[in-house]
There are 2 protein chains.
Amino acid sequence: MGTMSELLNSRVKAKSLVDTVTERLEAAIISGELAPGSRLSEQRLAISFGVSRGPLREAIRRLEGRQLLQRTANIGVHVTKLSWRDLTDLMLVREALEGMACRLAAEMMNPAELAELDQLLAEHGQLQDVQTGTGYYQQTRDFDFHFKIVTASRNERLIQMLCADMYDLLRIYRYRSSTFGGRAKAAYEEHRMILEALRSRDPDLSETAMRAHIRNSRLHIVKRLEELEASGNSQPAL
Amino acid sequence: MGTMSELLNSRVKAKSLVDTVTERLEAAIISGELAPGSRLSEQRLAISFGVSRGPLREAIRRLEGRQLLQRTANIGVHVTKLSWRDLTDLMLVREALEGMACRLAAEMMNPAELAELDQLLAEHGQLQDVQTGTGYYQQTRDFDFHFKIVTASRNERLIQMLCADMYDLLRIYRYRSSTFGGRAKAAYEEHRMILEALRSRDPDLSETAMRAHIRNSRLHIVKRLEELEASGNSQPAL
DNA sequence: TATTGTAGGACTGTCAACAGTTGACGTGCC
DNA sequence: GGCACGTCAACTGTTGACAGTCCTACAATA
């Protein structure tokens, strides 16, 4: 990994217009620049991206296949609107997949990867918001931890599903809500337990720990949503 | 479910050319009409489908987003070639997801659905190939059973992932190998155990039973593959 | 006032043509 | 004979234009 040969072997990126448009569009969706549920006009988007409608349409089709966009015939495309129900559904899927990933990682992880995780957690532990327990435990950091574990599973399909598709969808929420906050300390402790399970190379324990962690996160979200709803804030539907 | 209102509310399907082409293309891939790994020419395909290249390209992009096709710039599109490793990777993902689905189903299933499952298994049990234990336990029947359980989970995301994406990919193998055969009786018994777990509404037991079932199936596949390889049949890489 | 019919505009769906790239074949030189 | 180079055909990438559809607004009618 990371050797010179990779630089030599790596092909010059012959990125087509469609590829760049896809990336740009995806970024716009994830960042919230294109609001969920909003309709987007092919013509206007094509002009603003500086490309013709053809490549744009093909980029749209690709994201349509990835469920980020939805098209209704003769009407147009809409940015997929995720309800709160969708979020909890998604978290259940994530619990299952990442539990499996953690199980596999327990068997596949090499010492170097374990050390990386250890250092990552050490850094997290010294952060102010984690120590006080009130902060938000920045999602980026959270994703870092999970990302490393998933990658260690060595299951390409699993990695693709979680790191590419799933995290993208979850990221959408980050910009829309503070749903994830207020659990920094607990999350950190759970991360530590997961690491310990991995270090002991116990598949069952590793899976259990990871699933408990994600389940807690989900339950926390549900609780926050109920509070939100009780306070009259009639669910902004994301 | 299944009420009149659905018929009234359901929009008339205004299927675009792209939609029909997508379906046709998908079917061709799943059925093996388009061999895995084979390159497909846009021009020829467009002519054989009787459409222009535009819609065809958009259909390709969609399947590309669903990982059924892969495109390399300026070279062309290839039907995704799944290695045996990919198959086992896929089965691990399926084990995780369907375990979760079965867990949820244990809580959500209504008596009618349980009765349906019961009848389905009763029919299976009377089939010749199941009784002798040597038959193939037709995948269609197997899928029927799993399909019903997954649907009962009431988790739209899970249903989409398993019933649409995952089963499609797995179906590819059906036409290429007899890998799944020779486990009819065992599979049937496992199905019965799953049903019993569901009937007792025990989430943990239900998940465990389903995961064991899929894990056994995976191990069986691995064993068959090893036999195949030992017999000099140097993995046709599907 | 509520409903129906109609015209206009904007947009999507589709197609045909052009430009750029790739891979293969054949030629010439060592 | 083998290797390098140049040419060519086929294909992909992209564009612009045309046809068909839907939505909106407004007018007419009961």
Side-chain angles (χ1 to χ4, degrees), chain A residues 8-26 28-29 33-81, chain B residues 8-26 28-29 33-81:
Chain A
L8 292 173
N9 289 339
S10 68
R11 296 177 62 98
V12 179
K13 46 187 167 187
K15 256 198 287 194
S16 68
L17 247 188
V18 179
D19 288 328
T20 48
V21 170
T22 304
E23 285 178 20
R24 176 84 184 79
L25 198 54
E26 189 185 344
I29 294 170
E33 191 179 335
L34 260 50
S38 66
R39 195 171 90 80
L40 37 90
S41 155
E42 290 182 357
Q43 230 161 15
R44 264 193 288 269
L45 255 189
I47 292 172
S48 87
F49 281 177
V51 298
S52 177
R53 274 183 57 219
L56 177 71
R57 279 176 64 94
E58 292 183 20
I60 289 175
R61 293 296 188 185
R62 244 207 285 199
L63 295 183
E64 197 183 343
R66 284 180 48 192
Q67 311 261 314
L68 274 149
L69 293 176
Q70 285 175 320
R71 166 167 244 136
T72 30
N74 289 317
I75 293 194
V77 301
H78 293 259
V79 179
T80 300
K81 189 173 182 174
Chain B
L8 292 173
N9 289 339
S10 68
R11 297 179 63 100
V12 179
K13 46 187 168 189
K15 256 199 285 195
S16 68
L17 244 189
V18 180
D19 288 328
T20 47
V21 170
T22 305
E23 284 178 21
R24 176 82 184 79
L25 198 54
E26 189 185 343
I29 293 171
E33 190 179 335
L34 260 48
S38 66
R39 197 171 89 81
L40 36 90
S41 152
E42 290 182 359
Q43 228 161 21
R44 265 193 289 267
L45 255 189
I47 292 171
S48 88
F49 282 177
V51 298
S52 176
R53 273 181 58 216
L56 176 71
R57 279 176 64 95
E58 292 183 21
I60 289 174
R61 293 296 187 184
R62 249 208 283 202
L63 295 183
E64 196 184 343
R66 284 180 49 192
Q67 312 261 312
L68 274 150
L69 292 176
Q70 285 174 322
R71 167 167 242 133
T72 30
N74 290 317
I75 294 195
V77 300
H78 293 259
V79 179
T80 300
K81 188 173 182 174

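Just so we're on the same page: letters track the sequence lines, and every chain starts at 1.
- In this structure a side-chain-to-backbone donor-acceptor pair under 3.5 Å is missing from T72(B) to I75(B).
- For D19(A) and dG13(D), the CG to C1' distance is 11 Å, given to the nearest whole Å.
- For the pair R39(B) and dT12(D), the criterion of a side-chain N or O lying under 4.0 Å from OP1 or OP2 is met.
- The distance from atom CG of L45(B) to atom C1' of dA10(D) is 16 Å, rounded to the nearest whole Å.
- Between R53(A) atom CZ and dT14(C) atom P there is a gap of 11 Å when expressed in whole angstrom units.
- Distance E64(B) CD to dT12(D) C1': 13 Å, rounded to the nearest Å.
- Between R62(A) and E26(A), none of the side-chain N atoms (NZ, or NE/NH1/NH2) sits under 4.0 Å from a carboxylate O, so this pair counts as no salt bridge.
- Between dC22(D), dT14(C), dC15(C), one nucleotide has an atom nearer to the side chain of I75(A) than all others, and that is dC22(D).
- Using a cut-off of 4.0 Å between Lys/Arg side-chain N and Asp/Glu carboxylate O, R61(B) and E64(B) are scored as salt-bridged.
- Atom CZ in R24(A) sits 11.5 Å away from atom CG in L56(A) (nearest 0.5 Å).
- Closest to the side chain of R71(B), out of dT12(D), dT12(C), dT15(D), is dT12(D).
- Taking atom CD of E42(B) as the reference point, atom C1' of dG20(C) lies 14 Å away to the nearest angstrom.
- Looking at heavy-atom distances under 4.0 Å, G54(A) makes contact with a base.
- Between N74(B) atom CG and dG23(C) atom C1' there is a gap of 12 Å when expressed in whole angstrom units.
- Here E23(A) contributes atom CD and L25(A) contributes atom CG; the two are 11.0 Å apart, rounded to the nearest 0.5 Å.
- Regarding L17(B), its CG atom lies at a distance of 4 Å from the P atom of dT14(C), rounded to whole Å.
- Atom-to-atom, CG of L56(A) to P of dT14(D) comes out at 12 Å; the value is rounded to the nearest Å.
- Within the structure, every side-chain polar atom (N or O) of R44(B) is placed at least 4.0 Å from both OP1 and OP2 of dA10(D).
- Relative to the side chain of P55(A), the nucleotides dT15(D), dT12(D), dG23(C) differ in distance, and dT15(D) lies closest.
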